[in-house]
Number of protein chains: 2
Amino acid sequence: MAVIKIANVVASTSLGGELDLQAIALALDGAEYEPEQFPGLIYRLKEPKTATLLFRSGKVVCTGAKSLEQVKTAISKVAKQIEAAGIVIKIEPKIEVQNIVASSDLGAQINLNAIAISLGLEKVEYEPEQFPGLVYRIDSPKVVVLLFGSGKLVCTGARKPEDVEAAVDKITEELKAAGLLR
Amino acid sequence: MAVIKIANVVASTSLGGELDLQAIALALDGAEYEPEQFPGLIYRLKEPKTATLLFRSGKVVCTGAKSLEQVKTAISKVAKQIEAAGIVIKIEPKIEVQNIVASSDLGAQINLNAIAISLGLEKVEYEPEQFPGLVYRIDSPKVVVLLFGSGKLVCTGARKPEDVEAAVDKITEELKAAGLLR
DNA sequence: CCGGTATTTAAATAGGTATTTAAATAAGTT
DNA sequence: AACTTATTTAAATACCTATTTAAATACCGG
């Protein structure tokens, strides 16, 4: 069973009321707010190392966390800092994970050309001139796996860590069944 | 009978004599005059929210009004401001409506594919890849109606509010007769 | 080392797509 | 010289693209 390492969790929530982003930009040191470029205010934390996007509607997106725990910690910290700036918000927002990016390692080098032919054209994209990874789309769980010649892989699109595990198991079995991995 | 909402009235008139647009641009705060780009001077009002185009010939185009009354008010205001700047003009210009844009709602969702086939190719254009609305041209009154899947519609090209009503009635009856609307 | 190539995802906003119409001027084509 | 296209303004409608953020992976070029 390959070791899976979660690299990035993207989650969203709502602070329950509209936010005055101009006021928040002034109150939070280091906040970035350039509405002509992007409607969200960007606020980064050093620990957990994350970037949180705040929107006028009160919606929030948090990226960069390595676990759901880190997401909770980051959003809590940001909410407290906003509250300290005098803005009333819902203290216990419901956090929803929207995307997990994880990496793993099949433990051996693999032949991407052979795999592209074996796994079938409808699920595979492999254009080495454009990008060195082979793109493999799985229906269930609904994720995308990037396979590399080194045997390393990246899995994106999952909303639960279990989905990542299932996807890695699935592709491992498929490659073994096709004789493309021992 | 669907409620019809007039969204934009375009009207033209003449102030009776040639206008020195350079002088007017200097006299009217906020006037825009870039003759290399467009031969008209653009002057906007906040109330009624309109944009009036002034031409060297004395011709005038007013857009953005929600009613003929607003057109009259806007042109009157602009004329007074030009006169206050020392330019003699005809006080009671004859205003002619050139275009009315109105919106309405059929009150139910409609199947644009079925409608495109049913109403006939010579009056209908429906290219959803290019624009989500179905373009329906009516000969009498001579207007164009944009139909949307939501049942909402936009009618353009009319010169009288009654033309809009007639067009909406006409298309409503046609859709009912074809069994495409209850 | 940096930026780009590719993948995923939420959030919200802008610009584009199309339709109509007057006005006048420039540029391009026949 | 005549004709055509484009420019600008406003508005409703609905759909698309793009923008930004983070991260792993591996390859290219500067």
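Order of the sequence lines fixes the chain letters, A, B, ..., with proteins taken first and strands second; residue numbering starts at 1 for each chain.
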What integer distance in Å separates [X]:[atom1] from [N]:[atom2]?
| X | N | atom1 | atom2 | answer |
| --- | --- | --- | --- | --- |
| A:N99 | D:dA22 | CG | P | 14 Å |
| A:L41 | C:dT13 | CG | P | 13 Å |
| B:L147 | C:dA18 | CG | P | 18 Å |
| A:L21 | D:dT20 | CG | P | 17 Å |
| B:Q98 | D:dT8 | CD | P | 21 Å |
| B:K94 | C:dA23 | NZ | P | 13 Å |
| B:L45 | D:dA10 | CG | C1' | 13 Å |
| B:I171 | C:dT19 | CD1 | C1' | 14 Å |

Looking only at side-chain atoms of [X], point me to the closest of [options].
| X | options | result |
| --- | --- | --- |
| A:K142 | D:dT21, D:dA10, C:dT9 | C:dT9 |
| B:V10 | D:dT21, D:dA10, D:dA12 | D:dA10 |
| B:A7 | D:dA12, C:dT7, D:dT8 | D:dA12 |
| B:S57 | C:dA12, C:dA24, D:dT9 | C:dA24 |
| A:S12 | D:dA10, D:dA24, C:dA10 | C:dA10 |
| A:F55 | C:dT20, D:dA10, C:dA11 | C:dA11 |

Can you pull every protein N or O that's under 3.5 Å from an N or O on nucleotides 13-19 of chain D?
residue	atom	partner	partner atom	Å
D:dA14	OP1	B:S150	OG	2.5

Considering every strand and a 4.0 Å limit on heavy-atom distances, what is the contact class for [X]: base, sugar-phosphate, or nothing?
| X | answer |
| --- | --- |
| A:V144 | sugar-phosphate |
| B:I42 | sugar-phosphate |
| A:E125 | sugar-phosphate |
| A:G40 | nothing |

If you compare every side-chain N and O of [X] against the phosphate oxygens of [N] (OP1, OP2), does one of them come in below 4.0 Å?
| X | N | result |
| --- | --- | --- |
| B:R44 | D:dT9 | yes |
| A:K5 | D:dA23 | no |
| A:R56 | C:dA11 | no |
| A:R159 | C:dT8 | no |

Quiz prompt | A:R44 and A:E32: CA distance, side-chain angles, deciding distance, salt bridge (charged side-chain N to carboxylate O under 4.0 Å, His left out) verdict | solution = CA-CA 9 Å; A:R44 296 183 178 84; A:E32 292 175 19; 2.8 Å; yes
Quiz item: Do the side-chain N and O atoms of B:S76 and B:K80 include a donor-acceptor pair separated by under 3.5 angstrom?
Solution: yes
Quiz prompt | Side-chain donor-acceptor contact under 3.5 Å, B:E125 with B:Y136 | solution = no
Residue [X] excluded, over 12 heavy atoms near [atom1] under 6.0 Å:
| X | atom1 | value |
| --- | --- | --- |
| B:Q22 | CD | no |
| B:E18 | CD | yes |
| A:K160 | NZ | no |
| B:E129 | CD | no |

Quiz item: A:T63 or B:R137: which one's nearest nucleotide on DNA chain C is closer to the 5' end?
Solution: A:T63
Practice problem: Using the closest heavy atom to pick a nucleotide of DNA chain C for each, name whichever of A:T156 or B:V61 lands nearer the 5' end. | Solution: A:T156
Self-check item: Evaluation steps, salt bridge (charged side-chain N to carboxylate O under 4.0 Å, His left out), between B:E47 and B:K49
Solution: CA-CA 5 Å; B:E47 189 56 53; B:K49 185 168 181 287; over 6 Å; no
Self-check item: Sidechain N-carboxylate O distance under 4.0 Å for B:E174, B:K176
Solution: no
